[in-house]
Amino acid sequence: MVFYRPITDRAEIAKLYPTPSFPTDKIVAAYVAEENGAFCGKCMVAVDGQVCEIAKLSVPNGDVLLAEGLLRSALHFAGNRNAYMAVCRENDFRETLLLLGFAEQDGVFTGEIPTLLLGSCCKHNRGANG
């Protein structure tokens, strides 16, 4: 089973990302994915008011399910801190971002967090009925 663990301590985040590029005025967290105690992916999320940015997403072999789990974890973290909009520039995960409902413009993916966290069947039904 895969577990997605949040890291909010800046010193711990700096260990994951030795050259962190996050401003001190933002709420920052990292998420790591672990399976059977072994590391299998990570990402960073920074919340600035009602907007969050998800960055530095990495999973072995571009594993779509791990990427989706990390993205959803980061979106939940941001949403629980009053963020409403999400921005991501992780073009290597384009298909996963689009599947979650992000809109793409010039390599930048954006979306409303409540919509992004809906399941794909809810998005499909919502679009057909609304």
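Computed from a prediction, not measured in an experiment: that's the story for all the values here.
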*Indicate yes or no: does K26 engage E53 in a salt bridge with an N to O separation below 4.0 Å.*
no
*Flag the pair L71 / C43 as yes when at least one side-chain heavy-atom distance between them is below 4.5 Å, and no otherwise.*
no
_Through direct or indirect side-chain contacts below 4.5 angstrom among Ile, Leu, Val, Met, Phe, Trp and Tyr, which residues connect to F3?_
M1
*Checking N80 side chain against H76 main chain: does a donor-acceptor pair fall under 3.5 Å?*
yes
_Looking at Q50, I'd like to know if its CD atom is crowded, meaning that more than 12 non-hydrogen atoms belonging to other residues, nucleotides or ligands lie closer than 6.0 Å._
no
*Same apolar cluster: F102 and L117, side chain cutoff 4.5 Å*: yes
*asked:* Is any side-chain heavy atom of F109 closer than 4.5 Å to one of R89?
replied: no
*Between V87 and M85, is there a shared hydrophobic cluster once you connect ILVMFWY residues whose side-chain heavy atoms come closer than 4.5 Å?*
yes
_Same apolar cluster: L98 and L65, side chain cutoff 4.5 Å_ = no
*Give a yes or no on whether the backbone of A38 and the side-chain of N36 come within a donor-acceptor separation of less than 3.5 Å.*
no
*Ring-face cation of K42 near Y4 (centre distance under 6.0 Å, axis angle within 45°)*: no
*Going by heavy atoms in the side chains, are C52 and I113 under 4.5 Å from each other?*
yes
